[in-house]
A.B. asks: 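Here it is, the structure, as structure tokens.
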Amino acid sequence: MKKGKKLYEGKAKIIYATNDKNLVIQHFKDDATAFNNQKKDVIEGKGILNNRISEHILTQLSNVGIKNHLVKRLNMREQLVKLVEIIPIEFIVRNIATGSLTKRLGIEDGTVLDYPLVEYCLKKDELGDPLVSREHILAFKWMDVFELDFIYEEVRRINDFLQGMFRGVGIKLVDFKVEFGRSEIDGKREVMLADEISPDTCRLWDMRTDKKLDKDRFRNDLGNLVEAYQEVAIRLNLLHEQSNIRPLNYPKPKAVKIKKK
Ligand code: UDP
């Protein structure tokens, strides 16, 4: 697979063409942005962790029948993915109220929702990605009703699956954002999950302590972002503990004295 010219550069990723017109390379950068690009930094290693974590999650989702754009991971920072036209809506699913929801509606932070809440935001940076309703989406033809109903069911399934997956490793899935795209290969039109699912796009809290293991560490200046993402990767069994990586919450190992015989 030959890497071609840069087609698009976003806040956290770059898309490159390939010699196959239906496939592109998705490159994960170390750039972190928040609050509609007002806060920016480069966090070394973030892109590598997101590439690996997103590969794992999208592969698991594919195994349970959730179609997505991932073909395969190519290297530390890159994935081969199907070329799709991204639908201009961000789909947000919430299990626990936090972030913009609590501010917008005055809901107490940490309120556990009886049912998952699905929200739609228009992808328009200059407007701050405003919340829109199903009616807006249909009125302005950002999607047709079949796409909207299909994606609603898909995001509910994704939420069920991810909640179980993270619960199994002691993590609460608080909320997440996903994007979908349209593809047309040999005249066959499909809508599929695209972009990434990683600690950049999810809120993940430690089950026991509510410690934040996601991008809120950057948004709220909590520090140790890479260590938190590493902890997610370690718990998902994607990364082995390294001597210089001590997962958050784990007590510092005691020095072991070796007795001489
Ligand atoms: N989110 C995202 N990209 C965005 C906006 C939100 O990945 O442009 C994710 C965010 O990480 C969180 C969820 O969507 O997991 C809900 O975010 P919220 O609407 O609370 O926005 P925020 O408080 O981050 O502005």
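Sequence positions, counted from 1, serve as the residue numbers for this chain. When a ligand or atom number is given, it counts from 1 through the structure's own listing order.
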A.B. asks: Under 4.0 Å from a heavy atom of G99: which atoms of ligand 1 are those, numbered in the order shown and with their elements?
C.D. replies: 20 (O), 23 (O)
A.B. asks: If you take all heavy atoms of D30 and I48, which pair is closest and at what distance?
C.D. replies: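 Closest approach of D30 to I48, heavy atoms only: OD1-N, 4.4 Å.
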A.B. asks: Nearest heavy atom to atom 24 (O) of ligand 1: which of K215, K103, E119, R203 does it belong to?
C.D. replies: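 Looking at heavy atoms only, the winner is R203.
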A.B. asks: Indicate yes or no: does D160 engage R157 in a salt bridge with an N to O separation below 4.0 Å.
C.D. replies: no
A.B. asks: Should D175 be counted as touching ligand 1, given the test is an N or O pair under 3.5 Å?
C.D. replies: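 Yes - when backbone and side-chain N and O of D175 are compared with those of ligand 1, one distance drops under 3.5 Å.
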A.B. asks: Between S100, A97, P199, flag the one that comes closest to atom 18 (P) of ligand 1 by a heavy atom.
C.D. replies: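 Shortest heavy-atom distance from atom 18 (P) of ligand 1: S100.
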A.B. asks: Looking at I92, which atoms of ligand 1 are within less than 4.0 Å of one of its heavy atoms?
C.D. replies: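 By the 4.0 Å cutoff, the relevant atoms are 16 (C), 19 (O).
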A.B. asks: Taking NZ, NE, NH1 and NH2 as the nitrogens, is one of them in K46 or D41 under 4.0 Å from a carboxylate oxygen of the other?
C.D. replies: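 No salt bridge links K46 with D41.
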A.B. asks: May I ask you to identify the nearest protein heavy atom to atom 5 (C) of ligand 1, giving residue, atom name and distance to one decimal place in Å?
C.D. replies: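 Ranking protein heavy atoms by distance from atom 5 (C) of ligand 1, first comes E90 OE1, 3.8 Å.
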A.B. asks: Below 4.0 Å from ligand 1: does a non-hydrogen atom of D200 turn up there or not?
C.D. replies: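 In this structure, D200 qualifies as a contact of ligand 1 - some heavy atom is under 4.0 Å.
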A.B. asks: Could you tell me whether C202 approaches ligand 1 through its side chain, its backbone, both or neither, with non-hydrogen atoms closer than 4.0 Å?
C.D. replies: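 Just the backbone.
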A.B. asks: Tell me whether R156 is salt-bridged to E153, with the criterion being a basic N under 4.0 Å from an acidic carboxylate O.
C.D. replies: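 Salt bridge between R156 and E153, a charged N being under 4.0 Å from a carboxylate O: no.
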A.B. asks: Would you call the rings of F140 and W142 parallel, tilted or perpendicular, where under 30° means parallel and over 60° means perpendicular?
C.D. replies: tilted
A.B. asks: Salt bridge between D149 and R134, side-chain N to carboxylate O under 4.0 Å?
C.D. replies: yes
A.B. asks: Relative to atom 2 (C) of ligand 1, which among R104, K11, K177, K123 owns the nearest non-hydrogen atom?
C.D. replies: K177
A.B. asks: Does D109 come within less than 4.0 Å of K103, counting only side-chain N to carboxylate O?
C.D. replies: no
A.B. asks: If the contact criterion is a heavy-atom separation under 4.0 Å, does R219 count as touching ligand 1?
C.D. replies: yes
